[in-house]
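Working notes for the structure below.
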Amino acid sequence: MPRWNSKDRTALGIIRANAGYSREKAAAIMDVSISRLFDYEKGVTDIPIGIAEEMAILYHVSFDVLREAIKASKAASGMSIIGRHRKA
């Protein structure tokens, strides 16, 4: 049974919650602010490769699964896959 609730309904948030981590706990482990992790999950802030690697390890998912979740989060937010420019 998924462990997410309405505030976790992004692809990355679902992966995190299903791995058993609250946003607060995951942020503390990765040494990022909670708001920064939330921005990563919403797809409005690019995720540095080092943080993405940490996420994949922490959440016990392959990097390919994480990459697809990042794409889905960016698409849902209206952001382009590369960079911070809005799609036309």
Side-chain angles (χ1 to χ4, degrees):
M1 181 70 136
R3 302 166 101 181
W4 46 265
N5 60 39
S6 61
K7 68 180 178 179
D8 292 318
R9 291 181 190 250
T10 66
L12 286 174
I14 291 168
I15 288 173
R16 175 189 42 76
N18 285 342
Y21 291 97
S22 66
R23 188 172 293 120
E24 293 79 9
K25 182 70 173 173
I29 291 169
M30 290 185 280
D31 197 28
V32 298
S33 70
I34 296 165
S35 61
R36 177 60 52 107
L37 181 57
F38 188 56
D39 287 344
Y40 293 156
E41 291 181 0
K42 289 188 308 184
V44 297
T45 301
D46 291 332
I47 303 173
I49 190 70
I51 297 293
E53 290 171 345
E54 283 186 66
M55 285 179 172
I57 292 166
L58 183 63
Y59 303 159
H60 302 286
V61 296
S62 70
F63 199 77
D64 288 338
V65 168
L66 191 72
R67 186 178 60 227
E68 291 304 313
I70 291 167
K71 285 181 184 179
S73 294
K74 286 190 173 289
S77 73
M79 301 296 281
S80 66
I81 299 306
I82 299 173
R84 298 181 182 175
H85 304 287
R86 294 237 174 238
K87 293 180 182 176

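Starting from 1, each residue takes its place in the sequence as its number.
Ion pairing between a basic and an acidic side chain is recognised when a charged N comes within 4.0 Å of a carboxylate O; Lys42 and Asp39 show such pairing.
Following chains of ILVMFWY side-chain contacts shorter than 4.5 Å, one can reach Ile29 starting from Tyr40, so the two form part of one hydrophobic cluster. A single hydrophobic cluster is not seen to contain both Ile34 and Ile14; linkage of ILVMFWY side chains at heavy-atom distances under 4.5 Å, directly or through other members, places them apart.
Within the 4.5 Å cutoff, no side-chain heavy atoms of Val65 are placed close to those of Tyr59. Counting only heavy atoms from C-beta outward, the side chains of Leu58 and Met55 never approach each other to under 4.5 Å. Considering only heavy atoms from C-beta on, Asp46 comes within 4.5 Å of Lys74 through its side chain.
In this structure, Ala11 and Ala72 approach most closely via the heavy-atom pair CB-CB, 3.9 Å. Here the shortest heavy-atom pairing between Ile15 and Ala69 reads CD1-CB, 3.5 Å.
Rounding to the nearest 0.5 Å places CD1 of Ile70 at 6.0 Å from CZ of Phe63. Here the straight-line distance linking atom CG of Leu12 with atom CZ of Arg23 works out to 10.5 Å at 0.5 Å rounding. Note that the CD atom of Glu53 and the CD1 atom of Ile51 stand 10.0 Å from one another [nearest 0.5 Å].
With hydrogens and angles disregarded, a donor-acceptor distance shorter than 3.5 Å links the side chain of Thr10 to the backbone of Glu41. A donor-acceptor pair under 3.5 Å links the side-chain atoms of Arg16 to the main chain of Tyr21, judged by distance alone.
Taking the side chain to side chain contact (heavy atoms under 4.5 Å, CB included) definition, one finds that Ser22 meets it with Glu24, Lys25, sequence neighbours left out.
Sorted by first and then second residue, the pairs that involve residues 58-67 and meet salt bridge (Lys or Arg N to Asp or Glu O under 4.0 Å), not counting sequence neighbours, are Asp64-Arg67.
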